[in-house]
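Atoms within a ligand are numbered from 1 in the order they appear, just like the ligands themselves.
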Amino acid sequence: MQKTRSNTVNKTLSNTIAELQQGIHAAAKKSQRDPNEITLLAVSKTRSADDIRSAYEAGLREFGENYLQESLEKIAALADLTITWHFIGQIQSNKTRPVAEHFAWFHTLDREKIAKRLNSQRPEALEPLNCCIQINLSNEATKGGIQPEVLPELAKTVMELPQLTLRGLMAIPAPTRDEQKQRENFAKLALLLRQLRDTLDQAGFDTTKLDTLSMGMSGDMESAILEGSTIVRIGTALFGERSIGTKAPKTDGTNET
Ligand SMILES: *Cc1c(COP(=O)(O)O)cnc(C)c1O
């Protein structure tokens, strides 16, 4: 195993992870939730394979990636580790195969076409791909995701695809420092999940695995947990600022060549 980082750096990362876990515990306690039902997903886009290895050595097991080419290189370089990989970026429908073959989770499902391709490309030997449908909460065309009105239809389609497991909903609300506003958005997503469960229950679907709210990033993690998040997607607060130009989630897939 390569040791390219000093112990000081690794110790700092361990401290940061411990602080984040404490933050998760505190927010869970505040809302009378079990902290064990909240996963810290380390968002490792733009970070090196060595950075991920250090975070793994410090105890993290779940990593989220946005850019296909970059992620495949890191997955190959870290094949000796037992990592659960989450794809959290946008993909073009002709780029679904590597996601179906190399990831355990897909957070940004927003089209039937992509669902069907992922389903047919998911290798039989692997567990079904865990999927979250991305909801556009802020009505911003640039953020990806579907409008809540069309959620039941897409959800029913996904429920019927055997190589996909519909796990829940994901959103990236417009960033705001206003905690009230943060919580309103996350509460909306939580309500949508409850309504979806009811709708699908009534239609005779098995919703026991529909338990996931992928919401909350470095700037709004606590608000998300207070409103029921089960996966917080944390990049900056874990690894530090990304270089300029890579901060906002890309939505057009242009950097996937
Ligand atoms: C980059 C990214 C994150 C992490 O954002 P931070 O603010 O750095 O924590 C979370 N979710 C998605 C979809 C992202 O693209």
Sub-4.0 Å atoms of ligand 1 with respect to non-hydrogen atoms of I172: 13 (C)
With heavy atoms of R242 as the reference, note each atom of ligand 1 found under 4.0 Å away. 1 (C), 5 (O), 6 (P), 8 (O)
With ILVMFWY side chains joined below 4.5 Å, transitively, what does I231's cluster contain besides itself? L41, V43, I88, W105
So if you build clusters from Ile, Leu, Val, Met, Phe, Trp, Tyr with side-chain heavy-atom gaps below 4.5 Å, do L72 and L126 land together? no
Which of the numbered atoms in ligand 1 are under 4.0 angstrom from any heavy atom belonging to I88? 11 (N), 12 (C), 13 (C), 14 (C)
Given the rule that I, L, V, M, F, W and Y join up when any side-chain heavy atoms are under 4.5 Å apart, are L164 and V150 in one cluster? yes
Would you say the side chains of E65 and S44 form a donor-acceptor pair under 3.5 Å? yes
Only heavy atoms of N66, strictly under 4.0 Å: list the atoms of ligand 1 that pass. 14 (C), 15 (O)
Out of all atoms in ligand 1, which are within 4.0 Å of some heavy atom of I234? Include the element for each. 9 (O)
Considering the heavy atoms of T236, write down every atom of ligand 1 situated less than 4.0 Å from one of them. 6 (P), 7 (O), 8 (O), 9 (O)
Suppose I only count heavy atoms of R233 and a 4.0 Å limit; which atoms of ligand 1 are within that range? 4 (C), 9 (O), 10 (C), 11 (N), 12 (C), 13 (C)
Residues two or more places apart in sequence or in another chain: which of them pass side chain to side chain contact (heavy atoms under 4.5 Å, CB included) with A237? L20, S218, I234
Tell me whether ligand 1 is touched by H107 - counting only heavy atoms on the residue side and a distance under 4.0 Å. no
Joint hydrophobic cluster, V158 plus I114, side-chain heavy atoms closer than 4.5 Å: yes
Heteroatom distance test (M170, ligand 1): nitrogen or oxygen, under 3.5 angstrom: no
Between K74 and D51, is there a side-chain N and carboxylate O pair less than 4.0 Å apart? no
